[in-house]
Amino acid sequence: MPRKTLRDRWNRLRFGDGAPLSDECIWVPTASLRLTYAPDGSPARPQFRRRHSGLILGGDWDLSVMPLGGEVKERSIRAHFLEGVPWEETELFAKLMRELDERGMVDGLRSRDELRARYRILDRIYDEARRTRRLRPQCELDDYFRREQGGIFVLIGRDGQLLRSSGGAHRLAIARILHLPRIPVQVGVVHRQAVERGHFAKLRRNGQP
């Protein structure tokens with residue numbers, strides 16, 4: 001939190017009041033998320049985490065992309081919701097159980113029962129989104145902390161292109177399966193040119209619920 005607060009102040013000093021805010025929530029068309037960021041571990045294309053939210057960064061990192069879809073999480077979520085495959089028979093659940101056996105913990109969970117409980121929650125999120133035709137932003141959830149912290153994590157390239165990054169993959173897969181028109185996302189790293197050329201400002205103007 002202190003680091004993000006300082007980042008917000010620094011961004012505004014450099015780029016004015018329209019600079020991105022850490023953990024900022026904007027609403028975007030679900031169909032506009034077609035690419036995912038592909039880090040390669042190099043300094044030029046690092047792995048970005050939620051702690052980097054609101055960071056304004058130049059360079060060519062935003063050119064390292066691949067088509068969105070086909071990841072194990074999305075395959076398993078589609079199998080469960082569209083084909084009726086029980087969670088425990090999905091590729092994802094098997095992968096998480098292997099990691100749990102190896103490490104003793106995965107995603108903060110320590111047992112099969114805790115994994116089951118997580119996916120029961122995902123079932124409820126899916127049912128609600130199917131009924132209401134929307135995903136609730138973080139500010140409407142019981143465990144709300146700050147802005148859109150914990151939401152679908154999205155990077156913004158130099159031309160305003162939205163790039164999925166790590167975080168919120170389950171919710172995004174649900175939105176894609178249900179063809180939801182718009183979703184709330186947590187602003188991640190923003191390319192400097194997107195700020196300087198007004199692309200971020202346009203996303204923000206269009207990104208109201």
Side-chain angles (χ1 to χ4, degrees), residues 23-37 49-50 53 65-97 99-100 106-109 111-156 160-188 202-209:
D23 304 328
E24 182 171 353
C25 178
I26 59 174
W27 289 74
V28 302
T30 304
S32 67
L33 276 162
R34 299 185 298 272
L35 298 173
T36 188
Y37 173 59
R49 303 295 186 187
R50 292 191 190 277
S53 177
V65 298
M66 62 179 60
L68 177 65
E71 301 89 348
V72 61
K73 286 184 180 178
E74 181 157 331
R75 289 198 303 272
S76 297
I77 289 169
R78 286 184 174 276
H80 177 72
F81 290 119
L82 299 182
E83 301 170 23
V85 177
W87 281 120
E88 293 188 50
E89 296 178 18
T90 62
E91 182 182 2
L92 174 59
F93 202 95
K95 174 178 179 291
L96 293 174
M97 282 304 303
E99 294 177 3
L100 188 62
V106 59
D107 291 344
L109 307 175
S111 69
R112 179 182 290 266
D113 286 343
E114 290 183 3
L115 277 175
R116 290 193 191 104
R118 166 173 286 186
Y119 285 97
R120 284 196 296 270
I121 291 172
L122 200 63
D123 286 338
R124 291 198 293 270
I125 291 173
Y126 178 87
D127 290 341
E128 180 184 84
R130 182 175 57 182
R131 185 179 70 255
T132 64
R133 302 299 301 158
R134 72 190 288 267
L135 286 177
R136 287 194 285 166
Q138 294 296 301
C139 65
E140 295 181 11
L141 303 180
D142 293 339
D143 57 354
Y144 172 64
F145 173 63
R146 178 181 192 263
R147 297 176 183 163
E148 192 60 15
Q149 167 66 29
I152 297 168
F153 195 60
V154 170
L155 315 179
I156 299 173
Q161 177 69 60
L162 303 173
L163 308 173
R164 191 195 78 80
S165 189
S166 58
H170 296 90
R171 286 161 52 87
L172 178 57
I174 286 173
R176 283 161 53 85
I177 289 170
L178 293 174
H179 302 289
L180 300 184
R182 284 155 60 84
I183 53 173
V185 301
Q186 177 188 1
V187 172
K202 183 177 180 181
L203 284 170
R204 179 186 270 158
R205 285 195 303 271
N206 294 337
Q208 301 303 312

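- Nearest heavy atoms, T36 versus P67: CG2-O, 4.0 Å.
- In this structure, R136 contributes its side chain and A129 its backbone to no donor-acceptor pair below 3.5 Å.
- Once rounded to the nearest 0.5 Å, the distance linking CD of Q149 with CD of E24 reads 13.5 Å.
- The shortest non-hydrogen separation linking R164 to A169 is NH1-CB, 3.8 Å.
- Atoms CD and NE2, from E91 and H80 in turn, are 15.5 Å apart once rounded to the nearest 0.5 Å.
- The CD1 atom of I183 sits 8.5 Å away from the CG atom of L162 when rounded to the nearest 0.5 Å.
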Q: Please lay out, stage by stage, how D107 and R118 fare under the test side-chain contact (heavy atoms from CB on, under 4.5 Å).
A: CA-CA 10 Å; D107 291 344; R118 166 173 286 186; 3.3 Å; yes
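- In this structure, the ring-ring contact (aromatic ring centres under 6.0 Å, His included) partners of Y126, at least two apart in sequence or on a different chain, are F81.
- Contact record, S53 with F153: CB-CE1, 4.1 Å, taken as the closest heavy-atom pair.
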**Q.** Test log, rule side-chain contact (heavy atoms from CB on, under 4.5 Å), inputs H170 and Y119
**A.** CA-CA 10 Å; H170 296 90; Y119 285 97; 3.1 Å; yes
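- The two residues L122 and I174 make their nearest non-hydrogen contact at CD1-CD1, 3.7 Å.
- The closest donor-acceptor contact from the side chain of R50 to the backbone of G151 lies under 3.5 Å.
- Residues P137 and W27 meet the side-chain proximity criterion, which asks for heavy atoms closer than 4.5 Å.
- A salt bridge does not link R120 to D123: none of the charged side-chain nitrogens sits closer than 4.0 Å to a carboxylate oxygen.
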Q) Checking side-chain contact (heavy atoms from CB on, under 4.5 Å) for the pair L178/T30: CA distance, chi angles, key distance, verdict? A) CA-CA 10 Å; L178 293 174; T30 304; over 6 Å; no
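- Using a distance-only test at 3.5 Å, with no hydrogens or angles considered, no donor-acceptor pair links the side chain of R78 to the main chain of G70.
- Nearest heavy atoms, C139 versus Y144: CA-CD1, 3.2 Å.
- Residues W87 and I77 come closest through the heavy atom pair CH2-CG1, 3.9 Å.
- Under 4.0 Å is where a charged nitrogen must lie from a carboxylate oxygen, and between K95 and E99 at least one such pair does.
- A distance of 6.0 Å separates CD1 in I125 from CZ in R171, rounded to the nearest 0.5 Å.
- Comment: R124 does not engage D127 in a salt bridge, judged by the lack of any side-chain N to carboxylate O separation of less than 4.0 angstrom.
- The distance from the CD atom of E74 to the CG atom of L68 is 6.0 Å, given to the nearest 0.5 Å.
- With rounding to the nearest 0.5 angstrom, the CG atom of L96 is 11.0 Å from the CZ atom of R112.
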(Q) I'd like to know whether Q138 forms a side-chain contact (heavy atoms from CB on, under 4.5 Å) with Q186, so could you lay out the CA-CA distance, the side-chain angles of the two residues, the decisive distance to 0.1 Å, and finally the verdict. (A) CA-CA 9 Å; Q138 294 296 301; Q186 177 188 1; over 6 Å; no
